[in-house]
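I have placed the structure first, in the form of structure tokens, so that the comments after it can refer back to it.
None of these values were measured; they are calculated from a predicted model. Here is how names work: the chains are called A, B, and so on, in the same order as the sequence lines, proteins then strands, and each is numbered from 1.
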2 protein chains.
Amino acid sequence: MRYHVGGELVPADEASVSVSDRGFRYGDAGFETLRAYGGTVFRWDDHAERLARTLDALGFDDRPDARDLRERVRETLAANDLEDAYVRVSVTRGAQSGKLSPGPADPTVVVVTKPLPRGGTVGEDVWDAPATARVVETRRVPSEALPSHAKTHNYLNGVLARLELDGEDEALLRDTAGNLAEGATSNVFWVRDGVLHTPALDDVLPGITRRVVRELAADLDVPLETGTYDLDALRGADEAFLTNTTWEVRPVRRVGDTAIGGGPVTDRLADAFDERVEAAHY
Amino acid sequence: MRYHVGGELVPADEASVSVSDRGFRYGDAGFETLRAYGGTVFRWDDHAERLARTLDALGFDDRPDARDLRERVRETLAANDLEDAYVRVSVTRGAQSGKLSPGPADPTVVVVTKPLPRGGTVGEDVWDAPATARVVETRRVPSEALPSHAKTHNYLNGVLARLELDGEDEALLRDTAGNLAEGATSNVFWVRDGVLHTPALDDVLPGITRRVVRELAADLDVPLETGTYDLDALRGADEAFLTNTTWEVRPVRRVGDTAIGGGPVTDRLADAFDERVEAAHY
């Protein structure tokens, strides 16, 4: 495997960043997780736009443009002869003197990749079974402390949430007020009386798959409500699923001891998602 | 300059960590900032203990022992022929597969250093003048989201706070309830009517210099009060100062437009701190 680091393709086991890079020192970096299907990165423009917003939120005065990043992703996939893949693109503020106050951004771009199943209507899912989840005690970092729309290398909040699990697949975090926010690496949706629900954007990461699912719900005339919800809203749901770039649409079998599962609405959205994937790369 | 990375001394410009290291991917690492005076690391045991608590909070099931870390620090100082120095010791969870949920810790230890003025009673301060500070809008990450006693590579909260500054030296953060917490890289103290005050530990990093200042206040019979304080408590102070390992005890000239300055209590504590430094290394 070869990774793309600072403009060069290098063997994965030699791919490294300086210990003076702020991406290492402070997690001072934004990133995106992408998925390529048949050689095409799904919803590239959305990912590129979110990454740009992340780097703006971090005050980067300079950042690589979307076309440049896309080319590095293309080169990385080509170098590894990969068409169906996971890709992670990181942009750090660069190596600087050892002061917390940042100097002008001198971005380091890192692209790593690994093979994934093909997906779409004829491929397989990345996961073997519906997800199990647990509501953890670790609370999501509030937007006043770190903007919730920024996807950064400061990911310990999610790591601590995952460490609370007892074998489940995903940790669900509440905000500091106790309302349901999101999974450590996913957004959460549920269906009740035919209405799809998901927490509003104020305190969750604006997932790209979340956005696609909202578009699909509109296409399929599935009513959608966003708002602020406590845990009972989820526990009393008829169906529930998690979304992220890797899992796509993954039903939730149970949350803690409460069985939920997928269902007809989840299935329709998951099938429609697979069709979007096919449409995007052929 | 040579740095200590993964057990080896390497030239600073070649010192790097794998892009698969969780310290890079997620900021999944703890660190300490140390100061060596005349070749002796000041309050090593306190720093080693805090680092161990940080790594415990992050759920590291394995971590280098304090003696091993101290030896790496010693080797780094010796390799660079440094006696008076800044030292940063980081311990990451190591390079792992690309999953957020961590596997067993396989720590990467990184030690970097740079020269600093000698300090103590006969040396000079690192800073040229008393600090200017500003209370920023970015709020400190609450302990429910990340334990406040953990000093980690998730430092974007402090970076964002510093980015709000307009030339001041330090950003002061409030907690989400609006109470004064700490500086981006410092603890804050102030004196009012002869009583020294500092925010209680619940939502601030337990600074080693903060601890030493508390000991010195007890030695000097300066009454100390800790608690929850709003901004007016600081703005109405007779004296104020910031503490951290690098700055030691640094008077605060102004907070926003409010002039404060050091004074007799600050001076006594700063002098006593310098004497501690001398006592520690001779």
Provide the closest heavy-atom pair for [X] versus [Y] in the form atom of the first, atom of the second, distance.
{"X": "B/G30", "Y": "B/L51", "answer": "C-CD1, 3.8 Å"}
{"X": "A/P142", "Y": "B/P142", "answer": "CD-CD, 3.5 Å"}
{"X": "B/V136", "Y": "B/L173", "answer": "CG2-CG, 4.2 Å"}
{"X": "B/L77", "Y": "B/V87", "answer": "CD2-CG2, 3.9 Å"}
{"X": "B/V91", "Y": "B/P64", "answer": "CG1-CD, 3.8 Å"}

Name the region of [X], side chain, backbone, both or neither, that has any atom closer than 4.5 Å to a heavy atom of chain B.
{"X": "A/V141", "result": "both"}
{"X": "A/L100", "result": "both"}
{"X": "A/L163", "result": "side chain"}

* Heavy-atom pair count under 4.5 Å with chain B, highest-scoring of A/V112, A/V159, A/V5 -> A/V159

* Under a 4.5 Å heavy-atom cutoff, which of A/A95, A/A57, A/A150, A/P102 has the most pairs with chain B? -> A/P102

Pull every donor-acceptor pair under 3.5 angstrom between chain B and chain A and give the atom names with distances.
| from | atom 1 | to | atom 2 | distance (Å) |
| --- | --- | --- | --- | --- |
| B/A15 | O | A/V19 | N | 3.0 |
| B/S16 | OG | A/S16 | OG | 3.2 |
| B/V17 | N | A/V17 | O | 2.9 |
| B/V17 | O | A/V17 | N | 2.9 |
| B/V19 | N | A/A15 | O | 3.0 |
| B/F24 | O | A/H153 | ND1 | 2.6 |
| B/R25 | O | A/R88 | NH2 | 3.0 |
| B/R25 | NH2 | A/Y86 | OH | 3.1 |
| B/Y26 | O | A/Y155 | N | 3.1 |
| B/G27 | N | A/H153 | O | 3.1 |
| B/Y86 | OH | A/R25 | NH2 | 3.1 |
| B/R88 | NH2 | A/R25 | O | 3.0 |
| B/S101 | OG | A/R162 | NH1 | 2.9 |
| B/R139 | N | A/E144 | O | 2.9 |
| B/E144 | O | A/R139 | N | 2.9 |
| B/A145 | O | A/N157 | ND2 | 2.9 |
| B/H153 | O | A/G27 | N | 3.2 |
| B/H153 | ND1 | A/F24 | O | 2.6 |
| B/N154 | OD1 | A/Y155 | N | 3.2 |
| B/N154 | OD1 | A/L156 | N | 2.9 |
| B/Y155 | N | A/Y26 | O | 3.1 |
| B/Y155 | N | A/N154 | OD1 | 3.2 |
| B/L156 | N | A/N154 | OD1 | 2.9 |
| B/N157 | ND2 | A/A145 | O | 2.9 |
| B/R162 | NH1 | A/S101 | OG | 2.9 |

* Do you know which of B/G98, B/G27, B/G59 has the most heavy-atom pairs with chain A at a distance under 4.5 angstrom? ->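 Top option by heavy-atom pairs under 4.5 Å: B/G27.
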
* To do: Dump the intermediate steps for side-chain contact (heavy atoms from CB on, under 4.5 Å) on A/L172 and A/L242, then the final yes or no.
  => CA-CA 10 Å; A/L172 297 176; A/L242 302 172; 4.1 Å; yes

